[in-house]
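Following: one structure in structure tokens, then a few remarks.
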Number of protein chains: 2
Amino acid sequence: MNNVKKALEELTLTEKFRQGNVRLNACPSRNVLKDVTSRWGVLVFLTLQQGTHRYSELRHKINGVSEKMLTQTLHALEEDGFVLRTAHPVIPPHVEYSLTESGKEVAVRVEELVNWIEVNINSILTAKDEYAAAHNEAG
Amino acid sequence: MNNVKKALEELTLTEKFRQGNVRLNACPSRNVLKDVTSRWGVLVFLTLQQGTHRYSELRHKINGVSEKMLTQTLHALEEDGFVLRTAHPVIPPHVEYSLTESGKEVAVRVEELVNWIEVNINSILTAKDEYAAAHNEAG
DNA sequence: CAGCATCCGGTTCGATACTG
DNA sequence: CAGTATCGAACCGGATGCTG
């Protein structure tokens with residue numbers, strides 16, 4: 001089946017990455033981009049840009065995120081070198097997340113994008129209404 | 001209009017489900033943000049920023065996108081008022097997609113983000129390697 | 001050429017329950 | 001508090017058939 005074939009190709013890719021220093025000509029930036037622009041990745045950047053946060057603080061501020069997805073998102077961004085994880089060996093556990101230097105670079109660009117959308121959300125919604133009306137006039 | 005009123009009520013309901021919060025202002029932008037930062041949304045912005053494209057051209061340039069997802073993405077962005085769809089009534093069909101003014105505004109910000117990542121992809125990958133090494137030193 | 005409708009396997013998401 | 005494990009639900013993406 002195609003599935004097997006595809007899985008095999010992906011395995012090969014994974015192994016290339018694992019074995020280390022192979023710089024693929026295929027764009028790895030798309031993988032990083034996927035982490036950054038992921039649903040919760042964006043919100044993590046926005047939140048951490050305002051300073052260091054604990055896990056529970058992130059969970060509280062990023063409304064709607066599940067534990068699993070927050071953990072998963074933080075892991076990915078940590079692996080990409082955008083987020084720094086600092087675990088204090090105390091009981092109860094105390095873990096802090098902050099942006100690295102490169103993380104801050106990304107964050108300002110993410111913020112510019114989000115900021116534009118928030119500023120223009122009203123005209124966007126208006127356009128949406130008009131679009132819906134135009135496509136639903138027979139209603 | 002009744003449509004607007006009803007849409008507003010539905011929006012409020014959606015907000016309650018999505019956020020469980022009273023802040024009506026923060027949430028619609030999150031929906032738009034989701035469209036913009038979606039996996040293929042980003043690539044559509046980047047491609048259309050270079051000019052008008054036909055459906056098949058988009059499908060060809062955005063490597064890996066399926067027909068269904070491209071259609072779905074274009075619909076969402078059109079509804080948000082970022083993409084303009086122009087269908088020429090000829091046989092065979094000729095449909096062109098381009099960015100609206102607000103779409104262009106978004107596109108430049110998306111491009112800045114992507115551009116930074118592409119420029120810094122090497123140091124990001126290096127960091128990734130180091131991270132993997134540090135977490136895998138036992139072999 | 002540019003879609004839409006549908007089915008289906010695979011992946012991802014998210015709530016719950018549980019661990020250290 | 002900060003996660004992990006698990007399972008059902010939702011979503012993604014390919015294939016196919018049909019339309020104009």
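Chain naming here is simple, since letters A, B, ... match the order of the sequence lines and numbering starts at 1 in each.
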Using side chain to side chain contact (heavy atoms under 4.5 Å, CB included) as the criterion, list what pairs up with [X], not counting sequence neighbours.
X	value
A/Ser98	A/Thr52, A/Leu84
A/Ser66	A/Lys68, A/Met69
B/Glu67	B/Tyr55, B/Arg59
B/Thr47	B/His53, B/Leu58, B/Lys61, B/Ile62

Do any pairs count as a salt bridge (Lys or Arg N to Asp or Glu O under 4.0 Å) and have a residue in residues 79-89 of chain A, sequence neighbours left out, and if so which ones?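 Salt bridge (Lys or Arg N to Asp or Glu O under 4.0 Å) check on residues 79-89 of chain A returns A/Asp80-B/Lys128.
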Selection: residues 75-82 of chain B, any non-hydrogen atom under 4.0 Å of DNA chain C: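 Here the set is B/His75.
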Does anything in residues 80-100 of chain A pair up under ring pair (Phe, Tyr, Trp, His ring centres under 6.0 Å), and if so which pairs, sequence neighbours excluded?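 Of all non-adjacent pairs touching residues 80-100 of chain A, those that pass ring pair (Phe, Tyr, Trp, His ring centres under 6.0 Å) are A/Phe45-A/Phe82, A/His88-A/His94.
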Atom pairs and distances, side-chain donor-acceptor, residues 106-119 of chain B, under 3.5 Å, sequence neighbours left out:
| from | atom 1 | to | atom 2 | distance (Å) |
| --- | --- | --- | --- | --- |
| B/Arg109 | NH1 | B/Glu105 | O | 2.9 |
| B/Arg109 | NH1 | B/Glu105 | OE1 | 3.3 |
| B/Trp116 | NE1 | A/Glu105 | OE1 | 3.3 |

Tell me, which of residues 41-55 of chain B have any heavy atom that sits under 4.0 Å from an atom in DNA chain D?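 Output list: empty, so none.
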Could you list by number each residue of residues 83-92 of chain A showing a heavy-atom separation from DNA chain D of less than 4.0 Å, or answer none if no residue does?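 A/Arg85, A/Pro92, in order of number.
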All side chain to side chain donor-acceptor pair (under 3.5 Å) counterparts of B/Ser102, not counting sequence neighbours: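 So B/Ser102 forms a side chain to side chain donor-acceptor pair (under 3.5 Å) with B/Thr100.
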Listed pairs, N/O of protein and of nucleotides 6-11 of chain D, under 3.5 Å:
none

